[in-house]
Amino acid sequence: MATGTSPPCYHTLQHYSSIAPVQTRALQQLSNRNPSKRIETLPMTLANHDIARIFREIADSMEILGEDRFRILAYRRAGDAIANLPRPLAEYRAQQNLEEVPGIGKTIAEKIGVLLDTGSLPLHERLKGQVPTGVLDLLRVPDIGPRSAKRLHDELGIASLDELRAAVEAGALRGLKGFGAKTEQRIRQGLDALAQHEQRTLMSTALVAAEGLIAALRAALPDMERVSYAGSLRRARPTIGDLDLLAAAADTGPVVRAFTRLSEVARVISAGEAKASVVLHSGVQADLLVVPPAQWGSALQHFTGSQAHNIRFRELALERGLSFSERGFRQADGNLLTCADEAAVYATLDLAWIPPELREDRGEFVAARAGTLPHLIDLADMRGDLHMHSTWSDGRATIAQMAEAARARGLDYIAITDHSAYLGVTGGVDAERLREQAAEIAQINAAYADQGEVFRVLHGVEVDILPDGELALPDAALAVLDIVVASLHVSLRQPQEQITARLLRAIANPHVDIIAHPTGRILERRAGADLDMEAILQAAVAHNTLLEINSGPDRLDLDALHVRRALELGAGIVINSDAHNPDDLDWLRYGVLTARRGWATADQVANTWPPARLRSHVAQ
DNA sequence: GCCGTTTTCGGCCCGACTGTTTTCAGTCG
């Protein structure tokens, strides 16, 4: 980072021309003497994501109708802001601080109130009459924006993706002014891509693909100066839409051309002198931006996003009379300040460098200016892993093999937490088998002690929370264990009040130390349980129960927003692999990235602690 | 519609690439 007398940037003389009922909070119900009557009298309330979706639909509809672009921007920003909120909108309203949320002003706060009270909004209903839902769907097709969607609807009567497909097949688009053969071909390809690749790519898969592309690009161009992935992958989002790659080279054109010729590339969408978009054989889209080395910092900042972060950043630059782009800071006199690294980009606006995982316009600018950004946890801070399986249940390796793999990765302790016998498919352990397992673990620990190793294996279990909230093992069996991990595996579709109460009962059990993968979501396949998370997080604080970030690439559960809210409330977090074989221990990397997105420091994560501190916490 | 080191008006992020054009609108990230 540039400090002291050296300017952060260099002056150059370059010139460049569903409606989900939330009902009542489960905690309130538990304390209510007559809960069933209470529920019936409460109005249905929209969840934050429902209201965010409504505002985004309003923005899309108004854009198709060609209304004022800044009003559209305001609705879209409000939708984004709401989607990012850590607590239910109703709480903000109750505390009368809705308008303190950036992007929510007087008008939108009133509309939120109407939505919370009545479940619908006159403006939204009116727009639905003018722009059918199927026309909004057209915007999901690559290369179809609001103008094209409006013309397809107005001039050809197309009001759904199916009708668009039929029109393309019938050659009807060619009759439209401005729609040539290439446009028709692109729309056909866009529809195909939408149909077969609607799913996003898991972070773990994207990381492997990105690292492969980077290696291939380096091999093809040995003299390329720098190359990195950027975008949502660098921000560690749990799933990734497109891969974004950035390269630095004095001569940009040859890098773009080499990229489009890589064997991984199935189809080139576009390619110019500075950037290209391709579709890989895996179906994933990859975008490459190539910049001169002097612009690496500004380009990396630009290409990492998020869009919301970038917009906010550029607004802050404008306040100082600087126009920021991937090329650098344009001054009023037209001169460009370039930045060769990201720290210089942020330093130019008197901001500390913001870690990519925090770049979502969720308060990181205020913290960067105040010098209060958290010192985020790193993988190297991890000392233990408190959730994994062995051949005693559905794991593929013995306890000794798991222990050795963990020790080889630099951990000081693990907990073996095989499934309780309740899950028929996994075999599992009952009270008797737990006693046998304890003897095996004692032997392994004795061997490590004899060798002078600090490494230790803790004895635990992953006990099922039964549909009624009982645990699948008796308290007496749990009491003798070092660590008890409790989790939901069945009946995940119970109504909110029921499944929340079920989890609250497990949290309150004094033997339970950790709640594993709290929501049970499987990314791109299954939404999590409909939990009242605020009640869950508060109960975890009250009972000193640790909440897990499960590092499984298709779980990453808790997610980052809940991690951040949990930490705000003072809950303890653990990051566990849930490994079923030794290689899965490497998944901790993804859990740590998720913790970083949740603003977690090492000290807030209990398995960065030395064993003694962890033991005393668990004993409380 | 939001917002304020340009605070109740007048701004609102910025540039690359494409297609169908002859100078730019639309889309994307």
Side-chain angles (χ1 to χ4, degrees), chain A residues 16-17 55 58-59 62-64 66-81 98-112 123 138-152 173-174 176-187 190 230-232 235 240-246 252-253 256 268-278 285-291 295 298-299 301-330 336 349-350 361 369:
Chain A
Y16 293 96
S17 38
F55 284 124
I58 288 172
M62 293 199 312
E63 195 162 23
I64 287 172
E67 298 195 16
D68 177 69
R69 53 189 277 252
F70 297 112
R71 201 167 153 235
I72 293 164
L73 184 68
Y75 279 107
R76 187 157 288 139
R77 279 190 173 183
D80 293 346
L98 258 184
E99 289 182 47
E100 288 167 28
V101 176
I104 296 179
K106 189 163 178 292
T107 306
I108 286 181
E110 280 172 13
K111 287 179 161 52
I112 290 170
L123 170 65
L138 301 181
L139 298 177
R140 291 161 53 207
V141 181
D143 296 318
I144 293 187
R147 316 295 293 206
S148 304
K150 179 168 170 53
R151 290 194 54 208
L152 290 168
L173 265 52
R174 273 177 242 170
L176 251 52
K177 187 169 157 52
F179 281 71
K182 284 195 174 179
T183 301
E184 184 189 77
Q185 177 66 8
R186 277 177 165 249
I187 290 177
S232 54
R235 302 200 311 278
I240 274 77
D242 302 336
L243 286 179
D244 295 313
L245 301 180
L246 177 69
T252 62
V256 173
V268 178
I269 298 171
S270 70
E273 279 302 296
K275 59 167 75 170
S277 289
V278 303
Q285 182 176 328
D287 300 331
L288 174 74
L289 175 66
V290 191
V291 299
Q295 296 177 7
S298 52
Q301 196 280 342
H302 160 77
F303 217 29
T304 297
S306 63
Q307 190 179 28
H309 177 90
N310 284 357
I311 289 173
R312 188 82 198 96
F313 182 84
R314 290 168 186 206
E315 286 172 353
L316 291 173
L318 280 178
E319 287 176 8
R320 300 187 174 207
L322 295 169
S323 170
F324 183 75
S325 75
E326 56 264 50
R327 295 177 172 280
F329 293 92
R330 174 90 46 203
L336 189 72
L349 299 187
D350 292 325
D361 194 21
R369 181 145 293 167

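Just so you know, these numbers come straight off a predicted model, no measurement behind them. Chain identifiers are assigned alphabetically (A, B, ...) following the order of the sequence lines, protein sequences preceding nucleic acid strands; residue numbering begins at 1 within each chain. Values below: every heavy atom of this structure, side chains too, minus hydrogens, waters and symmetry copies.
When the P atom of B/dG26 is taken as reference, atom CD1 of A/Ile72 falls 13 Å away, rounded to whole Å. Rounded to whole Å, the distance from CG on A/Leu288 to C1' on B/dA16 is 13 Å. Rounded to an integer number of Å, the gap from A/Arg69 CZ to B/dA25 P is 13 Å. Taking atom CZ on A/Phe179 and atom P on B/dT27, their separation rounds to 8 Å, with Å as the unit. Here the P atom of nucleotide B/dG26 and the CG atom of A/Leu138 are 16 Å apart, to the nearest Å. For the pair A/Asp68 CG and B/dG10 P, the interatomic distance rounds to 15 Å; values are reported in whole Å. Atom P of nucleotide B/dT5 and atom CZ of A/Arg369 are separated by 10 Å, given to the nearest angstrom. The nearest whole Å value for the distance from the CD atom in A/Gln285 to the P atom in B/dG29 is 6 Å.
Within 4.0 Å (heavy atoms only), A/Ile108 reaches sugar-phosphate atoms of the nucleic acid but no base atom. Contact annotation for A/Ile104: backbone-only contact, meaning every heavy-atom pair under 4.0 Å involves sugar-phosphate atoms and none involves a base. Contacts of A/Val268 with the nucleic acid, taken as non-hydrogen atoms under 4.0 Å apart, are absent. When heavy atoms are screened at a 4.0 angstrom cut-off, A/Phe313 is found touching no nucleic acid atom at all. Within the nucleic acid shown, A/Ala271 comes within 4.0 Å of sugar-phosphate atoms alone, with no base atom in reach, counting heavy atoms only. Nucleic acid contact class of A/Arg77 (heavy atoms, under 4.0 Å, all strands): sugar-phosphate only. Among the protein residues, A/Gln307 comes within range of the nucleic acid bases, having at least one heavy atom under 4.0 Å from a base atom. Heavy atoms of A/Ala181 sit under 4.0 angstrom from primed sugar atoms or phosphate atoms, though from no base atom.
In this structure, A/Ser270 and A/Leu322 both approach DNA chain B, and ranking their closest nucleotides by distance from the 5' end singles out A/Leu322. Both A/Glu99 and A/Asn310 lie near DNA chain B, and the one whose nearest nucleotide falls closer to the 5' end is A/Glu99.
Nearest nucleotide to the A/Asp143 side chain, out of B/dG1, B/dT20, B/dT27: B/dT27. In the set B/dA16, B/dT27, B/dG29, the nucleotide with an atom closest to the side chain of A/Lys275 is B/dA16. For A/Arg314, the side-chain atoms get nearest to B/dC13 when compared with the rest of B/dG1, B/dC13, B/dG15. When distances are taken from the side chain of A/Asp242 to each of B/dG26, B/dG29, B/dC12, the shortest belongs to B/dG29. Checking B/dC13, B/dG29, B/dC14 against every side-chain atom of A/Ser323, the shortest atom distance belongs to B/dC14. Across B/dC28, B/dG29, B/dG26, the shortest atom-to-atom separation from the side chain of A/His302 is found for B/dG29. Comparing B/dC13, B/dT27, B/dC2 by their closest approach to the side chain of A/Ala74 singles out B/dC2. Closest to the side chain of A/Arg147, from the set B/dC13, B/dG26, B/dG15, is B/dG26. Side-chain proximity of A/Ala274 to the nucleotides B/dT27, B/dC17, B/dC12 is greatest for B/dC17. The side chain of A/Thr183 lies closest to B/dG19, out of B/dC17, B/dC13, B/dG19.
If you take CZ on A/Phe303 and NZ on A/Lys275, they are separated by 6.5 Å, rounding to the nearest 0.5 Å. Separation of atoms OG (A/Ser148) and CD1 (A/Ile64) is listed at 10.0 Å; rounding is to 0.5 Å.
Ring pair A/Phe329/A/Phe324 is tilted by interplanar angle, where 30° to 60° counts as tilted.
A donor-acceptor distance shorter than 3.5 angstrom exists from the side chain of A/Ser306 to the backbone of A/His309, with no hydrogens or angles considered.
Applying the Watson-Crick and G-U wobble criteria (two distances, each under 3.5 Å), B/dT8 pairs with nothing in any strand.
OP1 or OP2 of B/dA16 sits under 4.0 Å from a side-chain N or O of A/Arg327. Contact check, A/Arg186 against B/dG19: a side-chain N or O comes under 4.0 Å of OP1 or OP2.
For the C1' atom pair drawn from B/dG11 and B/dT5, the interatomic distance equals 15 Å after rounding to whole Å. Taking atom P on both B/dC12 and B/dC17, the two are 25 Å apart, rounded to the nearest angstrom. Atom name P, nucleotides B/dG4 and B/dC13: the rounded distance is 14 Å, in whole Å. Rounded to whole Å, the P atom of B/dA16 lies 25 Å from the corresponding atom of B/dT21. Here, B/dT20 and B/dG26 have their P atoms 14 Å apart, quoted to the whole Å. When the P atom is compared between B/dC2 and B/dT6, the two are found 22 Å apart, to the nearest whole Å.
For A/Arg369, the CZ atom is densely surrounded, since the number of other residues' heavy atoms within 6.0 Å is greater than 12. In this structure, A/Arg320 places its CZ atom where more than 12 heavy-atom neighbours from other residues, nucleotides or ligands lie under 6.0 Å away.
Looking at A/Asp361 and A/Arg77, no side-chain N of the basic residue comes within less than 4.0 Å of a carboxylate O on the acidic one, giving no salt bridge.
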Let's go through A/Asn310 and A/Gln301 carefully: what are the C-alpha distance in whole Å and the side-chain angles of both, what is the deciding distance for side-chain contact (heavy atoms from CB on, under 4.5 Å) to 0.1 Å, and is it a yes or a no? CA-CA 8 Å; A/Asn310 284 357; A/Gln301 196 280 342; 3.5 Å; yes
